[in-house]
Number of protein chains: 2
Amino acid sequence: MLKISSLNANGIRAAHRHGFTDWIEESHPDIICLQELRAMEHQVPDPIQELDYHKAYHTAEKKGYSGVGILSKEEPINIEKGIGVAWIDQEGRIMMAEYENLIVFSIYAPSGTTGDERQKLKMEFLDIFLPFAQKYLASEKPVVFCGDFNICHKAIDIHNPKRNKNTSGFLPEEREWVSRLLQTGFEDVYRRLHEGESDLYSWWSYRAASKERNKGWRIDYHMSSPELLELAEEATIERAWDLSDHAPVSVSYAI
Amino acid sequence: MLKISSLNANGIRAAHRHGFTDWIEESHPDIICLQELRAMEHQVPDPIQELDYHKAYHTAEKKGYSGVGILSKEEPINIEKGIGVAWIDQEGRIMMAEYENLIVFSIYAPSGTTGDERQKLKMEFLDIFLPFAQKYLASEKPVVFCGDFNICHKAIDIHNPKRNKNTSGFLPEEREWVSRLLQTGFEDVYRRLHEGESDLYSWWSYRAASKERNKGWRIDYHMSSPELLELAEEATIERAWDLSDHAPVSVSYAI
DNA sequence: CTTACGACG
DNA sequence: CGTCGTAAG
């Protein structure tokens with residue numbers, strides 16, 4: 001079995017204070033895709049750097065901002081940081097780790113909640129991401145794009161669909177984009193293993209005790225190639241851990 | 001008995017979190033001189049504003065910076081904020097409350113630890129303060145200047161006099177300034193009631209567990225007119241409270 | 001080490 | 001509401 005976890009850490013240093021290494025010890029994923037490191041590599045807490053994992057980080061140029069990483073028990077045979085689009089790469093939003101029989105991406109889509117300009121860049125990111133991801137469906141190896149897409153797909157993925165229909169992260173054009181991603185052949189692994197189940201979220205606002213009241217959004221995904229879905233045996237949102245405002249989303253594959 | 005306490009709060013909001021109102025309830029000073037409020041009046045926590053004291057604040061123009069205050073059971077018959085020197089008044093460093101038989105000042109001298117420019121301004125503050133204070137010795141009423149002078153007077157007032165002989169706060173010219181203040185007629189009430197006693201400090205760095213190891217400095221004073229010293233019955237540093245990096249310094253007078 | 005502000009989410 | 005950088009102490 002191969003367990004892949006994805007976590008938006010909202011600051012790897014904060015996540016560390018909140019028990020990141022305890023989570024790793026109890027959950028022991030084989031591969032961990034991280035988003036929002038908000039730290040340079042030298043700022044990653046020592047106990048994390050000392051974990052028995054291979055570690056690769058793709059950090060933002062701007063300090064304390066964004067950044068993705070991939071930790072894995074097995075050493076990747078290839079790592080790629082960025083996709084050749086300057087602003088996306090400068091913000092540390094996309095990286096890849098390639099293994100013998102698998103390609104894994106850690107993805108952190110921009111948030112559009114801070115205003116029109118960032119919302120426009122978010123849509124630009126999505127437009128660039130879609131064909132980029134699609135290419136990998138043609139690859140020899142199974143592929144999975146794990147991360148924080150900052151979009152809820154359907155009403156079932158958000159606690160208050162009506163109130164949020166004009167909120168960035170649940171806009172029609174964003175939701176349609178997720179549908180297009182699935183139409184091109186990707187699988188929303190967590191949803192496919194939990195069809196029709198409601199109240200399953202991966203992010204809760206820190207405000208208004210949202211997590212205790214389970215007023216959340218499902219915005220963290222494992223978007224896999226079809227053959228990988230066939231191998232998926234279990235998908236969980238590890239809600240009991242309070243490592244950040246997101247919960248780890250984990251999938252175990254029969255590999 | 002009239003009890004006057006002085007406290008550098010290092011943020012009145014932080015001091016509140018650390019039990020400021022509990023301290024007031026247990027210690028119940030009649031007059032409280034505060035320094036380093038680091039808040040505008042509207043930001044002072046409600047439970048403090050609701051205390052059964054008259055409250056007056058003289059805050060800095062710069063947000064989150066400096067600021068002094070005086071709380072008192074009795075209503076002052078006169079309050080003066082600032083001394084007519086623009087930069088000192090903009091930084092909220094000196095205020096007065098006048099009562100029937102007493103004049104009380106809350107004083108927050110600049111720190112010189114951040115560099116030459118601030119050290120120069122600290123010396124300028126001291127040079128302006130000395131004649132200003134001296135005038136009040138001629139007043140009808142007894143007067144006391146309470147606060148954080150950011151200077152240790154003598155070797156007995158600091159845990160490591162040798163190592164700090166070139167450190168701002170224990171420089172020869174600063175120590176001589178305190179001597180001059182005393183020569184003009186002011187009394188260091190706490191020291192006068194604890195002559196020759198060592199290891200009595202009012203401030204400990206937050207670094208290196210300084211307070212548990214009592215590696216401190218005595219930089220908070222009650223500088224009184226001579227007739228007031230005669231009335232002083234007890235002077236204590238309330239070290240058991242961890243309200244900020246300073247301890248409250250309290251003096252009880254037979255008034 | 002700790003406070004507070006401002007940017008960002 | 002929380003994290004981070006920065007200024008200040």
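Letters A, B, ... are given to chains in the order of the sequence lines, protein chains preceding strands, and every chain is numbered from 1.
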From CD1 of B:Ile12 across to P of C:dC5 the rounded distance in Å is 14 Å
Atom NZ of A:Lys63 and atom C1' of C:dC8 are separated, to the nearest Å, by 16 Å
B:Glu61 atom CD is separated from C:dC5 atom C1', nearest whole Å, by 17 Å
*Stepwise, does the side-chain contact (heavy atoms from CB on, under 4.5 Å) test hold for A:Glu91 with A:Tyr65?*
CA-CA 8 Å; A:Glu91 292 192 0; A:Tyr65 184 73; 3.8 Å; yes
Discussion item. Strictly below 4.0 Å: does B:Arg17 bring a side-chain N or O up to OP1 or OP2 of C:dA4?
Written reply: yes
Query raised in the report: Do B:Ser5 side-chain atoms and B:Ile32 backbone N/O form a donor-acceptor pair below 3.5 Å?
Result: no
Taken to the nearest whole Å, CG/A:Asp245 to P/C:dC8 is 17 Å
Note: contacts of residues 32-47 of chain A with DNA chain D (heavy atom, under 4.0 Å) are A:Arg38, A:Gln43
Here the distance between atom C1' of C:dG9 and atom CG of A:Asp220, to the nearest Å, is 13 Å
Atom CZ of B:Arg13 and atom P of C:dT2 are separated, to the nearest Å, by 18 Å
Give a yes/no on whether any side-chain N or O of A:Arg118 is located under 4.0 angstrom from OP1 or OP2 of C:dA7.
-> no
In this structure, CD1 of B:Ile83 is separated from CZ of B:Phe125 (nearest 0.5 Å) by 6.5 Å
Note: A:Leu7 and A:Pro248 closest approach over all heavy atoms is CD1-N, 3.8 Å
Here the pair of heavy atoms bringing A:Trp204 nearest to A:Ser210 is CD1-O, 3.7 Å
B:Phe132-B:Phe105 aromatic ring centre distance below 6.0 Å
yes
Looking at B:Lys62, I'd like to know whether one of its side-chain N or O atoms comes within less than 4.0 Å of OP1 or OP2 on C:dC5. no
A:Asn8 CG to C:dC8 C1', in whole Å, measures 13 Å
Practice problem: Would you tell me whether A:Glu173 and A:Gln119 have side-chain atoms, one donor and one acceptor, within less than 3.5 Å of each other? | Solution: no
Sugar-phosphate only, base, or nothing, as touched by A:His18 at under 4.0 Å among non-hydrogen atoms = sugar-phosphate
Note: chain B reaches DNA chain D at heavy-atom distances under 4.0 Å over the stretch, first to last nt, 5' to 3', of D:dA8 to D:dG9
Side-chain atoms of A:Tyr108 come closest, of C:dG9, C:dC5, C:dT3, to C:dG9
message: Could you tell me if the side chain of A:Val68 sits less than 4.5 Å from the side chain of A:Cys33, heavy atoms only?
response: no
Subject >> Phosphate OP1/OP2 of C:dT3 contacted by B:Tyr65 side-chain N/O (<4.0 Å) >> reply: no
Closest heavy-atom pair, A:Pro110 versus A:Leu121, reported as atoms and distance to 0.1 Å, is CG-O, 4.4 Å
Query raised in the report: Are B:Asp188 and B:Lys154 close enough for a salt bridge, meaning some N to O gap below 4.0 Å?
Result: no
request  = Could you please spell out the steps behind the side-chain contact (heavy atoms from CB on, under 4.5 Å) verdict for B:His58 and B:Glu80?
outcome  = CA-CA 9 Å; B:His58 174 44; B:Glu80 282 179 19; over 6 Å; no
Contact check, residues 201-212 of chain A vs DNA chain D, heavy-atom distance under 4.0 Å, returns A:Tyr206, A:Arg207
Discussion item. Below the 4.0 Å mark, does C:dC8 have OP1 or OP2 next to a side-chain nitrogen or oxygen of A:Thr114?
Written reply: no
- Query: Given the rule in the side-chain contact (heavy atoms from CB on, under 4.5 Å) test, do B:Gln35 and B:Ser106 qualify, once you have shown the distances and angles that lead to the verdict?
  - Reply: CA-CA 7 Å; B:Gln35 302 88 38; B:Ser106 184; 3.2 Å; yes
Separation of C:dT3 atom C1' from B:His16 atom NE2, nearest Å, is 16 Å
